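Presented below is the structure to which this report refers.
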Amino acid sequence: MISYLRNQIAYVLALTFFIGLFSCGDADKRATDSENTDTTVATPMPAIDTSKSEDASVKIAILEEASPELGDLGCSCSFRTEKENYKTQILLSDFDTYASMNLNGETVLFRGGQTDSNAKYVQYSMEKYWITMNERGDDYVFGKKIEYGTEQWEEDLKSELIHALLFMEELPKEPRDIAIKTNGTVGMGRRGAVGDVIIAALDTVRQKREELQKAYPATFHFSNDIYDCYITAQQYGTDDGGGAKYEGELVLKSKSGKVLATQKVWGGCGC
(Lines give C-alpha, C1' and ligand atoms only; values in the text may rest on other atoms or scores of the structure.)
Protein backbone atom coordinates (compact mmCIF):
# COMPACT_ATOMS: atom_id res chain seq x y z
CA MET A 1 0.00 0.00 0.00
CA ILE A 2 2.81 2.33 0.94
CA SER A 3 4.56 1.51 -2.33
CA TYR A 4 1.42 2.33 -4.27
CA LEU A 5 1.12 5.75 -2.57
CA ARG A 6 4.75 6.51 -3.29
CA ASN A 7 4.23 5.77 -6.98
CA GLN A 8 1.16 8.02 -7.13
CA ILE A 9 2.99 10.88 -5.41
CA ALA A 10 5.92 10.52 -7.84
CA TYR A 11 3.52 10.58 -10.79
CA VAL A 12 1.79 13.77 -9.56
CA LEU A 13 5.13 15.51 -8.97
CA ALA A 14 6.36 14.60 -12.45
CA LEU A 15 3.14 15.82 -14.05
CA THR A 16 3.34 19.10 -12.13
CA PHE A 17 6.95 19.59 -13.27
CA PHE A 18 6.14 19.15 -16.93
CA ILE A 19 3.08 21.45 -16.73
CA GLY A 20 5.23 24.16 -15.17
CA LEU A 21 7.94 23.65 -17.77
CA PHE A 22 5.50 24.12 -20.70
CA SER A 23 3.88 27.12 -19.00
CA CYS A 24 7.22 28.83 -18.73
CA GLY A 25 7.90 28.17 -22.40
CA ASP A 26 4.64 29.73 -23.44
CA ALA A 27 5.33 32.75 -21.26
CA ASP A 28 8.79 33.14 -22.79
CA LYS A 29 7.32 32.85 -26.28
CA ARG A 30 4.66 35.46 -25.50
CA ALA A 31 7.32 37.76 -24.14
CA THR A 32 9.47 37.23 -27.22
CA ASP A 33 6.52 37.83 -29.57
CA SER A 34 5.68 40.98 -27.63
CA GLU A 35 9.24 42.24 -28.04
CA ASN A 36 9.16 41.56 -31.80
CA THR A 37 5.84 43.37 -32.32
CA ASP A 38 6.29 46.95 -33.72
CA THR A 39 4.02 49.14 -31.63
CA THR A 40 5.36 52.39 -33.08
CA VAL A 41 2.58 54.67 -34.39
CA ALA A 42 2.96 55.01 -38.20
CA THR A 43 3.92 58.48 -39.42
CA PRO A 44 1.18 59.75 -41.76
CA MET A 45 2.18 60.29 -45.41
CA PRO A 46 2.25 63.95 -46.48
CA ALA A 47 -0.59 65.10 -48.75
CA ILE A 48 0.31 65.05 -52.45
CA ASP A 49 0.41 68.48 -54.03
CA THR A 50 -1.63 68.26 -57.21
CA SER A 51 -1.63 71.97 -57.90
CA LYS A 52 0.93 71.51 -60.66
CA SER A 53 -0.51 68.31 -62.07
CA GLU A 54 -1.55 68.46 -65.71
CA ASP A 55 -5.05 67.47 -64.56
CA ALA A 56 -5.38 70.20 -61.93
CA SER A 57 -7.70 73.12 -62.59
CA VAL A 58 -6.08 76.13 -64.21
CA LYS A 59 -6.71 79.83 -63.69
CA ILE A 60 -6.89 81.88 -66.89
CA ALA A 61 -5.83 85.49 -66.36
CA ILE A 62 -5.72 88.62 -68.49
CA LEU A 63 -2.77 88.51 -70.89
CA GLU A 64 -0.62 91.54 -70.16
CA GLU A 65 2.31 90.57 -72.37
CA ALA A 66 2.46 88.14 -75.28
CA SER A 67 5.31 85.71 -75.93
CA PRO A 68 8.00 87.24 -78.18
CA GLU A 69 7.53 84.42 -80.70
CA LEU A 70 4.33 86.13 -81.88
CA GLY A 71 6.37 88.91 -83.51
CA ASP A 72 4.91 92.25 -84.58
CA LEU A 73 1.38 90.87 -85.13
CA GLY A 74 0.55 92.58 -88.41
CA CYS A 75 -2.30 90.06 -88.60
CA SER A 76 -3.76 88.54 -85.46
CA CYS A 77 -6.65 86.88 -83.67
CA SER A 78 -7.57 88.05 -80.19
CA PHE A 79 -10.12 86.80 -77.65
CA ARG A 80 -11.36 88.47 -74.47
CA THR A 81 -13.79 87.74 -71.61
CA GLU A 82 -16.07 90.77 -72.09
CA LYS A 83 -17.76 91.79 -75.32
CA GLU A 84 -16.95 95.49 -75.26
CA ASN A 85 -13.99 95.55 -72.87
CA TYR A 86 -10.87 95.12 -74.94
CA LYS A 87 -8.68 95.16 -71.84
CA THR A 88 -9.87 91.68 -70.86
CA GLN A 89 -7.84 89.86 -73.52
CA ILE A 90 -6.88 86.31 -72.54
CA LEU A 91 -5.57 84.87 -75.82
CA LEU A 92 -3.58 86.46 -78.62
CA SER A 93 -2.57 84.63 -81.80
CA ASP A 94 -0.56 85.51 -84.89
CA PHE A 95 -3.23 83.75 -86.99
CA ASP A 96 -1.70 80.37 -87.78
CA THR A 97 1.59 79.73 -85.94
CA TYR A 98 1.76 80.91 -82.31
CA ALA A 99 -0.56 82.04 -79.52
CA SER A 100 -0.10 83.25 -75.94
CA MET A 101 -2.17 82.88 -72.76
CA ASN A 102 -1.65 83.68 -69.08
CA LEU A 103 -2.19 80.46 -67.11
CA ASN A 104 -1.69 80.36 -63.35
CA GLY A 105 0.18 83.67 -63.53
CA GLU A 106 2.64 82.64 -66.23
CA THR A 107 2.75 83.50 -69.94
CA VAL A 108 2.35 80.25 -71.88
CA LEU A 109 3.20 79.74 -75.55
CA PHE A 110 1.03 77.61 -77.85
CA ARG A 111 1.25 76.57 -81.47
CA GLY A 112 -1.74 76.44 -83.78
CA GLY A 113 -4.44 78.57 -85.29
CA GLN A 114 -7.81 78.51 -87.01
CA THR A 115 -8.87 75.03 -88.08
CA ASP A 116 -12.15 75.64 -89.94
CA SER A 117 -12.39 76.32 -93.67
CA ASN A 118 -14.42 79.53 -93.45
CA ALA A 119 -11.51 81.84 -94.28
CA LYS A 120 -10.85 79.77 -97.39
CA TYR A 121 -14.43 80.24 -98.54
CA VAL A 122 -14.20 83.97 -97.93
CA GLN A 123 -11.31 83.93 -100.40
CA TYR A 124 -13.35 81.80 -102.79
CA SER A 125 -16.15 84.35 -102.68
CA MET A 126 -13.75 87.02 -103.93
CA GLU A 127 -12.75 85.06 -107.02
CA LYS A 128 -13.94 86.36 -110.36
CA TYR A 129 -15.23 82.99 -111.51
CA TRP A 130 -16.77 80.56 -109.04
CA ILE A 131 -17.54 77.86 -111.58
CA THR A 132 -15.59 76.74 -114.65
CA MET A 133 -17.40 74.73 -117.33
CA ASN A 134 -15.51 73.04 -120.13
CA GLU A 135 -16.64 71.76 -123.49
CA ARG A 136 -14.16 68.95 -123.06
CA GLY A 137 -13.22 67.61 -119.68
CA ASP A 138 -14.67 68.16 -116.23
CA ASP A 139 -16.41 71.17 -114.70
CA TYR A 140 -15.25 72.73 -111.43
CA VAL A 141 -16.53 74.82 -108.50
CA PHE A 142 -13.73 76.60 -106.62
CA GLY A 143 -11.30 74.21 -108.29
CA LYS A 144 -13.18 71.08 -107.16
CA LYS A 145 -14.60 68.68 -109.70
CA ILE A 146 -18.40 68.68 -110.02
CA GLU A 147 -19.41 65.03 -109.80
CA TYR A 148 -22.33 64.93 -112.24
CA GLY A 149 -22.45 61.14 -112.09
CA THR A 150 -23.67 61.05 -108.48
CA GLU A 151 -27.27 61.42 -107.30
CA GLN A 152 -26.38 64.26 -104.94
CA TRP A 153 -24.26 66.37 -107.28
CA GLU A 154 -26.75 69.22 -107.15
CA GLU A 155 -26.78 69.25 -103.33
CA ASP A 156 -22.98 69.07 -103.22
CA LEU A 157 -22.66 72.02 -105.60
CA LYS A 158 -25.30 73.97 -103.70
CA SER A 159 -23.48 73.35 -100.41
CA GLU A 160 -20.22 74.73 -101.84
CA LEU A 161 -21.97 77.84 -103.13
CA ILE A 162 -23.84 78.40 -99.84
CA HIS A 163 -20.62 78.14 -97.82
CA ALA A 164 -19.07 80.95 -99.86
CA LEU A 165 -22.23 83.08 -99.91
CA LEU A 166 -22.62 82.93 -96.12
CA PHE A 167 -19.38 84.80 -95.51
CA MET A 168 -19.84 87.57 -98.04
CA GLU A 169 -20.49 91.05 -96.63
CA GLU A 170 -23.02 91.65 -99.38
CA LEU A 171 -24.83 88.95 -101.32
CA PRO A 172 -24.88 89.07 -105.13
CA LYS A 173 -27.97 90.91 -106.35
CA GLU A 174 -28.64 88.53 -109.22
CA PRO A 175 -27.72 84.86 -109.91
CA ARG A 176 -25.78 86.01 -112.98
CA ASP A 177 -23.47 87.94 -110.65
CA ILE A 178 -22.00 84.57 -109.70
CA ALA A 179 -19.85 84.34 -112.81
CA ILE A 180 -19.30 81.14 -114.75
CA LYS A 181 -16.26 80.74 -116.97
CA THR A 182 -16.86 78.63 -120.06
CA ASN A 183 -14.16 77.05 -122.17
CA GLY A 184 -15.49 76.09 -125.59
CA THR A 185 -19.13 75.35 -126.29
CA VAL A 186 -21.10 74.11 -123.27
CA GLY A 187 -24.52 72.54 -123.79
CA MET A 188 -27.53 74.58 -122.71
CA GLY A 189 -28.89 71.67 -120.66
CA ARG A 190 -25.78 71.39 -118.49
CA ARG A 191 -25.44 75.14 -118.21
CA GLY A 192 -29.13 75.47 -117.27
CA ALA A 193 -28.85 72.77 -114.59
CA VAL A 194 -25.91 74.53 -112.96
CA GLY A 195 -27.75 77.87 -113.21
CA ASP A 196 -30.73 76.38 -111.33
CA VAL A 197 -28.43 75.32 -108.50
CA ILE A 198 -26.98 78.85 -108.29
CA ILE A 199 -30.49 80.32 -108.00
CA ALA A 200 -31.43 77.80 -105.29
CA ALA A 201 -28.26 78.51 -103.27
CA LEU A 202 -28.73 82.27 -103.39
CA ASP A 203 -32.41 82.05 -102.39
CA THR A 204 -31.56 79.70 -99.48
CA VAL A 205 -28.95 82.06 -98.03
CA ARG A 206 -31.25 85.07 -98.34
CA GLN A 207 -33.94 83.25 -96.36
CA LYS A 208 -31.85 81.45 -93.70
CA ARG A 209 -28.50 83.20 -93.46
CA GLU A 210 -28.18 83.34 -89.65
CA GLU A 211 -29.48 79.81 -89.20
CA LEU A 212 -27.13 78.40 -91.82
CA GLN A 213 -24.07 80.16 -90.41
CA LYS A 214 -24.42 78.06 -87.25
CA ALA A 215 -23.48 75.03 -89.33
CA TYR A 216 -20.11 76.62 -90.08
CA PRO A 217 -18.67 77.82 -86.74
CA ALA A 218 -15.19 79.26 -86.51
CA THR A 219 -12.90 76.77 -84.78
CA PHE A 220 -9.40 77.22 -83.36
CA HIS A 221 -6.94 74.76 -81.82
CA PHE A 222 -3.79 75.75 -79.94
CA SER A 223 -1.54 73.24 -78.19
CA ASN A 224 1.76 72.65 -76.40
CA ASP A 225 3.27 69.78 -74.39
CA ILE A 226 0.87 70.31 -71.48
CA TYR A 227 -2.37 71.81 -72.78
CA ASP A 228 -4.85 71.83 -75.65
CA CYS A 229 -6.91 74.98 -76.09
CA TYR A 230 -10.04 74.95 -78.26
CA ILE A 231 -12.29 77.82 -79.30
CA THR A 232 -15.63 77.34 -81.06
CA ALA A 233 -17.38 80.56 -82.03
CA GLN A 234 -20.02 82.07 -84.25
CA GLN A 235 -19.42 85.14 -86.35
CA TYR A 236 -21.79 87.95 -85.43
CA GLY A 237 -20.45 90.74 -87.64
CA THR A 238 -17.34 92.41 -88.97
CA ASP A 239 -15.15 95.19 -87.60
CA ASP A 240 -14.25 98.44 -89.33
CA GLY A 241 -11.48 96.70 -91.25
CA GLY A 242 -13.74 93.91 -92.47
CA GLY A 243 -12.37 91.34 -90.02
CA ALA A 244 -14.69 88.77 -88.46
CA LYS A 245 -16.18 89.35 -85.00
CA TYR A 246 -16.77 86.18 -82.95
CA GLU A 247 -18.69 85.04 -79.89
CA GLY A 248 -18.12 81.60 -78.45
CA GLU A 249 -16.45 79.42 -75.84
CA LEU A 250 -12.84 78.64 -74.97
CA VAL A 251 -12.08 75.22 -73.48
CA LEU A 252 -8.69 74.38 -71.97
CA LYS A 253 -7.85 70.69 -71.62
CA SER A 254 -4.99 68.60 -70.31
CA LYS A 255 -3.26 66.16 -72.65
CA SER A 256 -5.28 63.40 -71.00
CA GLY A 257 -8.44 65.15 -72.18
CA LYS A 258 -9.65 66.52 -68.83
CA VAL A 259 -11.33 69.93 -68.99
CA LEU A 260 -9.27 72.32 -66.85
CA ALA A 261 -11.10 75.58 -67.57
CA THR A 262 -13.88 77.02 -69.72
CA GLN A 263 -14.55 80.63 -70.59
CA LYS A 264 -17.05 82.49 -72.74
CA VAL A 265 -15.16 84.72 -75.13
CA TRP A 266 -15.56 87.45 -77.72
CA GLY A 267 -12.93 88.29 -80.29
CA GLY A 268 -11.95 88.57 -83.88
CA CYS A 269 -9.29 88.16 -86.53
CA GLY A 270 -7.90 90.70 -88.93
CA CYS A 271 -4.92 92.47 -90.43
Side-chain angles (χ1 to χ4, degrees), residues 48-126 163 167 169 213-214 216-271:
I48 298 174
D49 180 9
T50 60
S51 62
K52 295 184 179 180
S53 167
E54 70 162 18
D55 282 350
S57 60
V58 175
K59 181 179 179 181
I60 301 174
I62 292 174
L63 181 65
E64 300 288 352
E65 183 176 311
S67 300
E69 286 84 353
L70 271 67
D72 60 7
L73 293 173
C75 295
S76 65
C77 294
S78 174
F79 291 91
R80 57 192 180 278
T81 60
E82 297 179 25
K83 187 174 183 179
E84 302 299 336
N85 188 350
Y86 291 83
K87 294 182 179 180
T88 61
Q89 175 181 265
I90 59 171
L91 186 145
L92 181 63
S93 164
D94 65 358
F95 250 124
D96 55 9
T97 305
Y98 293 109
S100 276
M101 294 183 70
N102 184 325
L103 303 179
N104 292 333
E106 297 182 0
T107 300
V108 178
L109 179 68
F110 289 84
R111 284 183 174 272
Q114 194 164 355
T115 55
D116 63 79
S117 58
N118 294 338
K120 180 171 65 176
Y121 280 85
V122 171
Q123 294 298 316
Y124 288 161
S125 72
M126 297 178 185
H163 199 164
F167 295 96
E169 290 189 50
Q213 280 183 326
K214 294 178 181 179
Y216 300 100
T219 58
F220 301 80
H221 179 207
F222 308 98
S223 66
N224 58 27
D225 292 340
I226 302 174
Y227 305 111
D228 281 296
C229 179
Y230 301 91
I231 296 175
T232 302
Q234 294 290 338
Q235 183 175 339
Y236 67 92
T238 56
D239 58 26
D240 294 340
K245 295 168 69 175
Y246 298 119
E247 177 180 354
E249 183 181 49
L250 179 151
V251 178
L252 185 71
K253 293 184 178 183
S254 70
K255 285 300 183 182
S256 66
K258 181 180 179 181
V259 175
L260 306 178
T262 61
Q263 176 66 56
K264 186 168 183 178
V265 291
W266 289 264
C269 299
C271 295

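The structure displayed is predicted, hence computed values, not measured ones. Any value given below was found using the heavy atoms of this structure, including those in side chains, with hydrogens, waters and symmetry copies removed.
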Do the side-chain N and O atoms of Thr107 and Ser67 include a donor-acceptor pair separated by under 3.5 angstrom?
-> no
Heavy-atom donor-acceptor pair, Asp116 side chain to Thr219 backbone, under 3.5 Å | yes
Taking atom types as modelled, is there a side-chain donor on Ser78 or Ser76 under 3.5 Å from an acceptor on the other?
-> no
Within the side chain of Thr88, is there an N or O that forms a donor-acceptor pair under 3.5 Å with the backbone of Asn85?
-> yes
Beyond-backbone contact of Arg111 with Thr97, side-chain heavy atoms, under 4.5 angstrom = yes
Partner residues of Cys229 under the disulfide bond (SG atoms under 2.5 Å apart) criterion, sequence neighbours left out | none
CG of Asn118 to CD of Gln213, rounded to nearest 0.5 Å, is 9.0 Å
When rounded to the nearest 0.5 Å, the distance separating CG of Leu250 from NZ of Lys264 is 13.5 Å
Where the side chain of Asn104 meets the backbone of Lys59, is there a donor-acceptor pair that is under 3.5 Å apart?
-> yes
State, yes or no, whether a side-chain contact exists between Thr262 and Leu252 at a heavy-atom distance under 4.5 Å.
-> no
Only one of Leu91, Leu70, Val108, Asp94 clears side-chain contact (heavy atoms from CB on, under 4.5 Å) with Ser100; which?
-> Leu70
Is there a donor-acceptor pair under 3.5 Å between the side chain of Lys255 and the backbone N or O of Asn224?
-> yes
Enter the distance from Cys271:SG to Phe95:CZ here, rounded to the nearest 0.5 Å.
-> 4.5 Å
When rounded to the nearest 0.5 angstrom, what distance separates CD in Glu82 from CD1 in Ile90?
-> 11.0 Å
Worked check of ring-ring contact (aromatic ring centres under 6.0 Å, His included) between Phe79 and Phe220 = CA-CA 11 Å; Phe79 291 91; Phe220 301 80; 5.2 Å; yes
Are the side chains of Lys87 and Arg80 in touch, meaning some heavy atoms are under 4.5 Å apart?
-> no
Hey, what do you get for OG1 (Thr232) to NE2 (His221), rounding to the nearest 0.5 Å?
-> 11.0 Å
Please assess Tyr121 against Tyr216 for the test side-chain contact (heavy atoms from CB on, under 4.5 Å), listing each intermediate value before the final yes or no.
-> CA-CA 11 Å; Tyr121 280 85; Tyr216 300 100; over 6 Å; no
Would you say Leu260 and Leu103 make side-chain contact, with heavy atoms under 4.5 Å?
-> no
When rounded to the nearest 0.5 Å, the distance separating CH2 of Trp266 from NZ of Lys245 is 12.5 Å
